[in-house]
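One structure below.
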Amino acid sequence: MPIQLFDTLSRTYKTLTPADGETFRFYCCGPTVYGAAHIGNFRTFVLQDILRRSLEAEGWATRHTRNITDVDDKTIRESQEERKSLREFTEFWRERFHRDCAALNLLPPHVEPSAVAHVDRQIELIQKLIENGHAYVENGSVYFSIQSFPEYGRLSHLAERELTTDREGAQHQAHDQDEYERETAADFALWKARKPEDGPNYWESPWGEGRPGWHIECSAMSMQYLGATLDLHSGGIDLIFPHHENEIAQSEAVTGKAFASHWFHVAHLLVEDNKMSKSLGNLLTLDEIMEKGHTGQEIRYVLLEGHYRHPLNFTWGALKAARKALQRMARFDEALRRVAKVSDPDLGCPDSKRLHGVSHSFEKAWSALENDLNTPEALGQIFVALKRVQREIDNGSLGSERANHEWLGWRRMIYALGIRLEQPEAPKPPEEIVKLADARWEAKKKRDFATADQLRETIRSRGWQVKDRPDHYELAPSEE
RNA sequence: GGCGAGGUAGCCAAGUGGUAAGGCACGGCUCUGCAAAAGCUGCAUACGUCGGUUCGAAUCCGACCCUCGCCUCCA
């Protein structure tokens, strides 16, 4: 069965298939690089990664494009405050973003275009919109006329909303003297005339100096790299309006073709039941979480624990649980690999072709993924299967051929979910602790348990925990 | 006010008509000098409240109570 995914525009489940029958071409709205992305942003990027991995596990080639927004109000303002060039400023945060992505095991997109590098392309698009009557120039800025596009609002169901623009901040500054009907949504800026506070950040255009509006970059870059009609376009749920609505309008007004065949939106992340916001001080970045000793893999795991269309509650407790769950998977992976006699643990992606006709226990887990990327259901099914296979491994009833089939089914899931099973290196205990532990081990061997227990208590009081193994001991930092 | 999402065990969270997945935590067992580790095992007569439809509802309908998002930059 192919992958079924909910489509925001039609509000139905649709089968994911590349229009060209080979390569699935999709675009993801990427980060604005003016600071560290927070873990809510990463929920969206992780889900997009899983979408891509699932398609690949299904056997399709993919072409994944995710932009970098490196020119907008925020990047311009912040770079000037730091007295850096826009380029220097955004480069710094772009690198940081890439580091975070790597920690989360996100596959790098095939194309990662920057808005600044595609200003010409955006100007071209705006020019066409003016020519065909969908846009107009006003005081050196260019606006898209939403009245010229009757389809406007289909994605976000604007017609069913009482949209008013007479609230503070809802008006474009350049519209002050305008007589636009206040009961309609506002025309949006395609090009913004140069303002003094933009500093050196402006470009030449047929309408004078200025810079592109935010929405136009995604239309320009997605169509340049993926064609007039994308197989899928995606982003966080809050981009539905106005960003994606505007993208549809400006793109389709130029091409006359459907902009995207499928719209994929990821719901928001809560932190300990609260919306993330600067004022609550709970804007969590990856660094902050990792500083507390959690790994990118654990964070990724937590982000998979909820279905992408429902809000997910990120909690420290869930993070702790994720570590245990991942450890269990890693142990299973090792045990199964041994029985399956796999020499190279890195299979890459065992896709459906390779799994054709192979019977294994992870079929239900895969089906869960095919069913609207139900990652929590998939994780549940993985553990059900894992338990069953583990039992057979333990009682020796799993032959190497069947073990190999289980291995393929198992690894496909691990690939699709993007789980990395290497365990982080255990922290090294200081020498004095090792000495105490050695002494304890000697005492224990002599069956002098009183001394041994006393030494263990001493070690514990210094923050370390002794764990005996069959022929040696291990040291780990105390839990508390 | 309009549009949308959600309220399932201590925590996280699946399940859209057939009698409550899974992970963590917790209890028990095996093993062990003890502890740990590992494996096994137990753990919601119950799904926000109240009505209704149905042989049967967490799942459908109605009303109500909470929480959250969007409507303005936002993943």
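Below, all heavy atoms of this structure are taken into account, side chains as well, without hydrogens, waters or symmetry copies. If you're wondering where the values come from, they're calculated on a predicted model, not measured in any experiment. So that the names make sense, note that chain A is the first sequence line, chain B the second, and so on, each numbered from 1.
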Less than 4.0 angstrom between a side-chain N/O of [X] and OP1 or OP2 of [N], yes or no?
| X | N | value |
| --- | --- | --- |
| His310(A) | G6(B) | yes |
| Arg391(A) | G39(B) | no |
| Arg331(A) | G39(B) | yes |

Nearest to the side chain of [X], which nucleotide is it out of [options]?
| X | options | result |
| --- | --- | --- |
| Leu312(A) | C68(B), A75(B), A13(B) | A13(B) |
| Leu239(A) | A75(B), C40(B), A21(B) | A75(B) |
| Lys74(A) | C73(B), G23(B), A36(B) | C73(B) |
| Gln390(A) | C11(B), G39(B), U41(B) | G39(B) |
| Asp273(A) | U41(B), A75(B), C12(B) | C12(B) |

Between [N] and [M], how many Å separate the two [atom1] atoms, rounded to a whole number?
| N | M | atom1 | value |
| --- | --- | --- | --- |
| U41(B) | G51(B) | P | 41 Å |
| G27(B) | C43(B) | C1' | 8 Å |
| G23(B) | G4(B) | C1' | 30 Å |
| C65(B) | U49(B) | P | 15 Å |

Exercise. Between Phe264(A) and Tyr308(A), is the ring centre distance below 6.0 Å?
Worked result: yes
Exercise. Between Phe97(A) and Phe45(A), does the ring centre distance come in under 6.0 Å?
Worked result: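 For Phe97(A) and Phe45(A), the ring centres are under 6.0 Å apart.
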What about [X], does its side chain sit under 3.5 Å from the base of [N] through a donor-acceptor pair?
| X | N | result |
| --- | --- | --- |
| Arg456(A) | A35(B) | yes |
| Asn374(A) | G15(B) | no |
| Asp468(A) | C34(B) | yes |

Exercise. Under 30°, 30 to 60°, or over 60°: which ring-plane class applies to Trp93(A) and Phe89(A), parallel, tilted or perpendicular?
Worked result: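 Geometry flag for Phe89(A) against Trp93(A): perpendicular rings.
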For this session: For the residue pair Phe24(A) and Phe26(A), categorise the inter-ring angle as parallel (less than 30°), tilted (30 to 60°) or perpendicular (more than 60°).
Result: tilted
For this session: Quickly work out the Asp238(A) CG to C3(B) C1' distance and round it to whole Å.
Result: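 Between C1' of C3(B) and CG of Asp238(A): 15 Å.
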Exercise. Rounded to whole angstrom units, what separation is found between the NE2 atom of His307(A) and the C1' atom of G15(B)?
Worked result: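 For the pair His307(A) NE2 and G15(B) C1', the rounded distance is 12 Å.
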Exercise. With centres under 5.5 Å and planes under 30° as the test, does Phe383(A) stack with G22(B)?
Worked result: no
Problem set entry | CA sep, side-chain torsions, deciding dist, call: Glu91(A), Arg94(A), salt bridge (charged side-chain N to carboxylate O under 4.0 Å, His left out) | CA-CA 5 Å; Glu91(A) 196 51 49; Arg94(A) 180 207 305 255; 3.5 Å; yes
